[in-house]
Amino acid sequence: MTGRHLIMAGACALALGSCDQARVNVTTSDGPQVVAATDIEAGRYLVRVGGCNDCHTPGYPQGGGKTPESEWLKGSGMGFMGPWGTSYPHNLRRTVAGMTEDAWVEMLSTREGLPPMPWPSVRAMADADKRALYRYIKSLPLEGDPAPTALPPGQTPTTPYENMAPVIPGA
């Protein structure tokens, strides 16, 4: 190897060594999370793709998802009846109005509620996404009525409801 090659090899080694030192150490979150321009935008996105409107926004699925955002997450008097009784989608605007952001994150992280709410999926969300949801919902005007109280099994609701009990043909 000539002197020129040795100089080039040393320069390359020095350059590679300095690249290694240029690494940026980042603090990792509690898992993958949505990245958006703002927490409000991230929360809005999570509501859309997470299916929150399907239950928590009256008429959303029937309207093909074209319900105006001003009507989102006001809860519904449409019950879901199954072996657990009858559950109702809460008015999430009222829910966040009555709690702190930390309490919201704690609730979404630990709650064991009634179907058809997908609690296992909600508990698996990153805390940053739970906070983005809170901030988005909190940005909406406080409107809508509280949801009816859940009913125990065997009690027939007086509100409209979907029967989610399995039907076994021929049984």
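By convention here, the first residue in the shown sequence is residue 1.
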Backbone N or O of [Y] within a donor-acceptor pair of the [X] side chain at under 3.5 Å?
{"X": "Tyr134", "Y": "Met99", "value": "yes"}
{"X": "Arg123", "Y": "Arg111", "value": "yes"}
{"X": "His56", "Y": "His90", "value": "yes"}
{"X": "Arg94", "Y": "Gly144", "value": "yes"}
{"X": "Asp39", "Y": "Tyr136", "value": "no"}

Atom pair [atom1]/[atom2] of [X] and [Y] - distance to nearest 0.5 Å:
{"X": "Leu46", "Y": "Gln33", "atom1": "CG", "atom2": "CD", "answer": "10.0 Å"}
{"X": "Leu73", "Y": "Asn91", "atom1": "CG", "atom2": "CG", "answer": "8.5 Å"}
{"X": "Met78", "Y": "Thr86", "atom1": "CE", "atom2": "OG1", "answer": "11.5 Å"}
{"X": "Lys74", "Y": "Glu143", "atom1": "NZ", "atom2": "CD", "answer": "4.0 Å"}
{"X": "Leu108", "Y": "Ser121", "atom1": "CG", "atom2": "OG", "answer": "12.0 Å"}
{"X": "Trp84", "Y": "Leu114", "atom1": "CH2", "atom2": "CG", "answer": "8.5 Å"}

Can you give me the closest heavy-atom contact between [X] and [Y], atom names plus distance?
{"X": "Ala126", "Y": "Pro32", "value": "CB-O, 3.3 Å"}
{"X": "Met164", "Y": "Pro116", "value": "CE-CB, 4.0 Å"}
{"X": "Ala42", "Y": "Ala36", "value": "N-CB, 3.6 Å"}
{"X": "Met125", "Y": "Asp129", "value": "CE-CB, 3.6 Å"}
{"X": "Ala147", "Y": "Ser76", "value": "CB-O, 4.4 Å"}

Check: Tyr161/Thr156 side-chain N/O donor and acceptor closer than 3.5 Å: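 The answer is no; no qualifying pair exists.
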Test: Arg44 and Glu69 ion pair at under 4.0 Å: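 Judged by the 4.0 Å cut-off on N to carboxylate O distance, Arg44 and Glu69 do form a salt bridge.
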For the pair Lys130 and Glu101, find out whether any cationic side-chain nitrogen is under 4.0 Å from an anionic carboxylate oxygen.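 Salt bridge absent between Lys130 and Glu101.
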Indicate, with yes or no, if [Y] and [X] share a hydrophobic cluster defined by side-chain heavy-atom contacts under 4.5 Å among Ile, Leu, Val, Met, Phe, Trp and Tyr.
{"X": "Leu133", "Y": "Val49", "result": "yes"}
{"X": "Ile137", "Y": "Trp119", "result": "yes"}
{"X": "Val105", "Y": "Met107", "result": "yes"}
{"X": "Tyr88", "Y": "Phe80", "result": "no"}

Close side-chain approach of Val122 and Met117, heavy atoms under 4.5 Å: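 The answer is yes, as the side chains (C-beta and beyond) meet within the 4.5 Å cut-off.
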In terms of relative ring orientation, are Tyr60 and Trp72 parallel, tilted or perpendicular, with 30° and 60° separating the classes?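 Rings of Tyr60 and Trp72: perpendicular, over 60°.
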Chi angles and distances behind the salt bridge (charged side-chain N to carboxylate O under 4.0 Å, His left out) call for Asp102, Arg131: CA-CA 8 Å; Asp102 288 338; Arg131 291 181 184 284; 2.9 Å; yes
